[in-house]
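Encoded as structure tokens, the structure appears first; notes follow it.
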There are 2 protein chains.
Amino acid sequence: MSDSAKPVSKREGRREAAVAVEETQAVQLGELSDLLGYVLKRAQLKVFEDFLRCVAPLQLTPAQFSVLLLLDANPGRNQTEIANTLGILRPNFVSLLDSLESRDLCTRVRSANDRRSHILMLTEKGRGVLARAKKLVVSKHEARLNELLGPDGREALLGMLTKIAEEF
Amino acid sequence: MSDSAKPVSKREGRREAAVAVEETQAVQLGELSDLLGYVLKRAQLKVFEDFLRCVAPLQLTPAQFSVLLLLDANPGRNQTEIANTLGILRPNFVSLLDSLESRDLCTRVRSANDRRSHILMLTEKGRGVLARAKKLVVSKHEARLNELLGPDGREALLGMLTKIAEEF
DNA sequence: CCGTGTTTGGTATAGTGGATAACAATTATC
DNA sequence: GATAATTGTTATCCACTATACCAAACACGG
């Protein structure tokens, strides 16, 4: 049984020679390139990746950075309030805070009013790191996005994404 | 020791009455609302959430749907090719395929040319499910986005996200 | 004042997505 | 024909997410 049963199955050797140029043809994305969710996730991964690179000297993840930002803008809040605004579940927020506190970037202070809750506050070091992180984000990360999209493009994108995040 | 050592600590009862209206003040997002990465992730979560709702009757995740779409547009490809285009690592692609194959939506066929690789193809049922999924996505999911952003807004958003995903 | 219910921070745990190392089978290369 | 590379796969690890449960503290109604 060499080539009697399946005569069509093995004519590959000739094809290789014939179309050697476009041998490995790219996989077609097809309708996937029009799926907003797909492109959205791809873009999000790229942006987070770049954020990590830009802020690498300070060893801050996007989540950690957002916590520091919130603490700076909202002094006197407790864990549940901060976690809720970021969409982080309280149990998962504990270890995140542990890591920040162990690096002396923020502290939990027992509230006098309600001795259950922990008031969160930035330390001196935390404020310093946050300030440096902001500079890196603005001068490297967001600057690159501005360069790619243009100032008004970036603004338009931010507007539409905010609309989706809030009203969808 | 009733109220001699800490006279200032318990004057909360009066404050409650005084500012009862704006008791629970909202946490300020601050500069977070201008961080593109933050809004981007929030929007992405919302969009995926809605995708799951819309396509729930067919029990398809975004990842599974994207695989079916790719298989339809690229017959005769193997696992690594499909996985690579989707940014999925080969080891993690195995279980994804297992679930699709166990539901009889696609099949792995050993290639005649290269007996290492598995050619992936949609089954009849897979094509049917994909067709129904497409209809749901277009008529419910993407339609809602169109309604929120307008046709040209959606197009602009898709364009900028694609630019980020490809060139960033 | 007391008992009931709720809230807060926390632990334990499970599920999921992503990443690396290693492996057998197969193919490519020289 | 020996060596290297590739394919699908397993095992494993890490990060993130989600749920159940707990003790301490508070709120409230009797």
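Just so we're on the same page: letters track the sequence lines, and every chain starts at 1.
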Atom-to-atom span, [atom1] of [X] to [atom2] of [N] - whole angstrom:
X      : N      : atom1 : atom2 : value
B:R90  : C:dA25 : CZ    : C1'   : 17 Å
A:R108 : C:dG10 : CZ    : P     : 4 Å
B:L97  : D:dG8  : CG    : P     : 9 Å
B:Q64  : C:dT16 : CD    : C1'   : 13 Å
A:L86  : D:dT17 : CG    : C1'   : 15 Å
A:D98  : C:dT11 : CG    : C1'   : 11 Å
A:I88  : D:dA18 : CD1   : C1'   : 14 Å
B:I119 : D:dG8  : CD1   : C1'   : 13 Å

Open item on the list: Test: ring pair (Phe, Tyr, Trp, His ring centres under 6.0 Å). Region: residues 149-168 of chain A. Which pairs qualify, not counting sequence neighbours?
Closed with: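 For residues 149-168 of chain A, and leaving out neighbouring residues, there are no ring pair (Phe, Tyr, Trp, His ring centres under 6.0 Å) pairs at all.
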TODO: Output all residues satisfying side chain to side chain contact (heavy atoms under 4.5 Å, CB included) with B:L89, sequence neighbours left out; order by chain, then residue number.
DONE: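 Only B:P91, B:N92 meet the side chain to side chain contact (heavy atoms under 4.5 Å, CB included) criterion with B:L89.
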Open item on the list: Applying side chain to side chain contact (heavy atoms under 4.5 Å, CB included), can you list everything that pairs with A:K134, at least two apart in sequence or on another chain?
Closed with: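 In terms of side chain to side chain contact (heavy atoms under 4.5 Å, CB included), with neighbours along the sequence ignored, A:K134 is linked to A:F65, A:L69, A:D72, A:L130, B:E31.
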Open item on the list: Show every side-chain hydrogen bond (donor to acceptor under 3.5 Å, both in side chains) that has at least one partner inside residues 136-145 of chain A, sequence neighbours left out.
Closed with: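 Residue pairs passing side-chain hydrogen bond (donor to acceptor under 3.5 Å, both in side chains), neighbours aside: A:D50-A:H141, A:D50-A:R144, A:E142-A:R154.
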Tabulated below should be each protein N or O lying under 3.5 Å from an N or O of nucleotides 23-26 of chain D; please produce it.
from	atom 1	to	atom 2	distance (Å)
D:dC26	OP1	A:R115	N	2.7

Is there a side-chain contact between [X] and [Y], using heavy atoms and a 4.5 Å cut-off?
X      : Y      : value
B:K125 : B:L105 : yes
B:L149 : A:I164 : yes
A:V39  : A:L35  : no

Task: 5′-ward residue of the pair B:H118/A:A63 relative to DNA chain D - done: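 Its nearest nucleotide being more 5', the pick is B:H118.
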Show the distances under 3.5 angstrom between N or O atoms of the protein and N or O atoms of nucleotides 20-22 of chain C.
none

Listed by chain and number, what are the side chain to side chain donor-acceptor pair (under 3.5 Å) partners of [X], not counting sequence neighbours?
X      : result
B:S99  : B:Q64
B:R90  : B:N84
B:R127 : B:E124
B:Q79  : B:R108, B:H118

TODO: Kindly work out whether a path of hydrophobic side-chain contacts (I/L/V/M/F/W/Y, heavy atoms less than 4.5 Å apart) joins A:I119 to A:L86.
DONE: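 Not linked; separate clusters.
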TODO: Please list, by residue number, the residues of residues 37-57 of chain A whose heavy atoms come closer than 4.0 Å to an atom of DNA chain C; answer none if no residue qualifies.
DONE: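 Heavy-atom contacts with DNA chain C come from A:K41.
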Task: DNA chain C-proximal residues of residues 65-84 of chain A, any heavy atom under 4.0 Å - done: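 Heavy-atom cutoff 4.0 Å gives A:N78, A:Q79, A:T80.
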Open item on the list: Take a 6.0 Å sphere around CD of B:E167 and say whether it holds more than 12 heavy atoms from other residues, nucleotides or ligands.
Closed with: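 Count over threshold, so yes.
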TODO: Output the distance between atom CZ (B:F48) and atom CD (A:Q44), rounded to the nearest 0.5 Å.
DONE: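 Nearest 0.5 Å value for the CZ-CD distance: 9.0 Å.
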